[in-house]
Amino acid sequence: MSKTLFDKVWDSHVVRHIENGPDVFFIDRHFIHEVTSPVAFLGLKNRGLQVLYPERTFATADHNTPTINQHLPVEDPLSANQLKALEDNSKEYGISHWGLGHEKNGIVHVVGPENGITFPGATIVCGDSHTSTHGAFGAIAFGIGTSEVEMVLSTQCIMQPKPKKMRININGTLGKGVTPKDVALYIISKLTTSGATGYFVEYAGEVFENMSMEGRMTVCNLSIEMGARGGMIAPDETTFNYIKGRPLAPKGEEWDKALAYWKTLKTEEGATFDKEYTFSGSDIEPMITYGTNPGMGMGITQKIPTADEVGGGKATYEKSLTYMGYAENEPMLGKKVDYVFLGSCTNGRIEDFRAFASIVKGKKKADDVTVWLVPGSHIVEQQIKEEGILDTLTDAGFSLRQPGCSACLAMNDDKIPAGKYAVSTSNRNFEGRQGPGARTLLASPLVAAAAAVTGVVTDPRELL
Amino acid sequence: MAYDKFNILQSSAVPLPIENVDTDQIIPARFLKATERKGFGDNLFRDWRYNADNSPKQDFVLNNPIYKGKILIGGKNFGSGSSREHAAWAIYDYGFRCVVSSFFADIFRNNCLNIGVLPVQVSPEFLEEIFSTIYVDPTTELEINLPEQTITLLSMGKKESFDINTYKKSNMLNGFDDIDYLQNMKNEIQEFATNLPL
Ligand code: SF4
């Protein structure tokens, strides 16, 4: 029977299949961070277990690190405690650790790919749901809970039933000002936040084939927001060129062997999916969300839909709009914006900063907007400086913060105040996600940049 | 971490008829800073349950003494969002052993099964019936029978069966977790690792 890309990678990692139960699933790469790992290590200690393959686990500190003055001791004692636990546990079990201040430090889903840890055909997990990001390389990558972190540490396996398969095809080309983030928000708005629950998604079609690795990572990153376990894109020349030469990527003969294998990783003709959707690239416009889940997104020039149009629970819909301080049928264009956040594992890569800079170049930051520009890693930060982007940003009145998850989940001090509106390039607009009472509008780096220079929701195409 | 065995649970229930309850609501990120697994129940639904000055919000169901029990009834798509297992811990730690909904987010369901909270998926109609029965009589009891895989509204005798895979079921019945299982197959895993494609 013809196999899909997903089948090939999944099936080659099944250690044992349990009848009427899950598969015992082998994990090639495991990322850990300070928030979801301490209790897992505690579990290991309580059971007296060791880490089976320390060389397959990589630790980085990101979730609650400060994004200014990283050379100073972390002020919040609880955060400091978690960071210390990550460092101590990594040392004790022989796991490589890129802590605060380390030159490779950054958001786990940014540093994995940029250092060549992520590769096609790999199985990758992390105690963070946006692990789906790594699927951009043709890997099976997904988020796990803390008990599973403990399983991977001690046995390099987890127990997973094989998900169903979905393919999302988008052909054609994207219009001006339409970015991978818009593609993802568009898909989620069509499928809803639970539309892909139980599925693993493969993205296919010209739009993804023509996308950069950064863009593919943005799309795969957001797979989880429609309920999918993860999303993946078949590896191609774009993928191989991105990986080649990265610090931990295979070299020499190893590279040739890997490449030959990677080239076999695609869905075969005639392979079937449990569900399939097809959209057209030209139908997508720059997107923005108006509600409290990522499925509540719309084209930026549209009006906020009515409860009847979106279907589902009316009470829940109204609760959401009340939280946002919006009403049905209002346009989003022109809405006041108090904060702008560029960053996160969704849009904290070099390409996102290039996009932001392309809009603000030669303009000035709007006076009454607070703007946080947070690179996904030190390597991204370095690139921003080398490419002259920092100068463009500085001239326009912006400054750069230091790498970390920052306002994506607001575990550190980067919290949007209650009631304020933030255009955010991150991945979740849930109530309180960016700080208690914060109101989040998810959008692309271009939309974020347009808001940063105008102070209101603005169609970026007018500024390009 | 071992948990209590689950067999037959008979209890009144707490209704939370909101759809898409995400894990950021179940336990906000700022409470994830512990390095030990305790005290999460106090912050379950923190921002719905308490005002900024920590006084309880009177209109939230957990602050209403009429509703109590070991079963939480939630709206459709319960547990979406972040993979934080802390959400399941908070539910367990608060005293719930079972969550009933017409639809669960994947990772949340998995996390629950790993730590001893039973997710029971019922039809949308049955869910509505449970809500309305509880609103008429908050002392209404439900029976969750794991061996039989049934959920029953006791006062009316209405019953539905639910799905759970046999492996997870036997774990829940015995209070075992996946780590116990995996520990016993380490040699097989190590052998497998030498034959990976890359
Ligand atoms: S940036 Fe946000 S989504 Fe990404 S790893 Fe950090 S907290 Fe998770």
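Below, chain A is the first sequence line, B the second, and so on; all start at residue 1. Any value given below was found using the heavy atoms of this structure, including those in side chains, with hydrogens, waters and symmetry copies removed. Remember, it's a predicted structure, so these values are computed and weren't measured experimentally.
Proximity to chain A (any heavy atom under 4.5 Å) is restricted, for Gln25(B), to the side chain, taken from C-beta onward. Leu196(B) touches chain A through its side chain: at least one heavy atom from C-beta onward sits under 4.5 Å away, while N, CA, C and O do not. Proximity to chain A is limited to the side chain of Lys186(B), based on heavy atoms less than 4.5 angstrom apart. Of the atoms belonging to Asp180(B), heavy atoms from both backbone and side chain fall under 4.5 Å from chain A. With a threshold of 4.5 angstrom between heavy atoms, Asn195(B) does not approach chain A through any atom at all. Looking at Tyr181(B), only its side chain comes within 4.5 Å of chain A, counting heavy atoms on both sides. Of the atoms belonging to Gln190(B), heavy atoms from both backbone and side chain fall under 4.5 Å from chain A. Heavy atoms of Asp106(B) lying under 4.5 Å from chain A belong to its backbone as well as its side chain. With a 4.5 Å cut-off on non-hydrogen atoms, Ala34(B) touches chain A through its backbone but not through its side chain. Of the two parts of Phe103(B), only the side chain, counted from C-beta on, holds a non-hydrogen atom closer than 4.5 Å to a non-hydrogen atom of chain A.
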Query raised in the report: Could you go step by step and tell me if Asp178(B) and Tyr167(B) meet the side chain to side chain contact (heavy atoms under 4.5 Å, CB included) rule?
Result: CA-CA 10 Å; Asp178(B) 290 345; Tyr167(B) 165 79; 2.7 Å; yes
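Annotation: side chain of Val117(B) is not in contact with side chain of Phe96(B) (no heavy-atom distance under 4.5 Å).
Judged by distance alone, with hydrogens and angles left aside, the side-chain atoms of Arg49(B) form a donor-acceptor pair with the main-chain N or O of Leu44(B) at under 3.5 Å.
Both tests hold for Arg56(A) against Tyr53(A): distance to the six-membered ring centre under 6.0 Å, angle to the ring axis within 45°.
Checked against a 6.0 Å centroid threshold, the rings of His33(A) and His63(A) count as neighbours.
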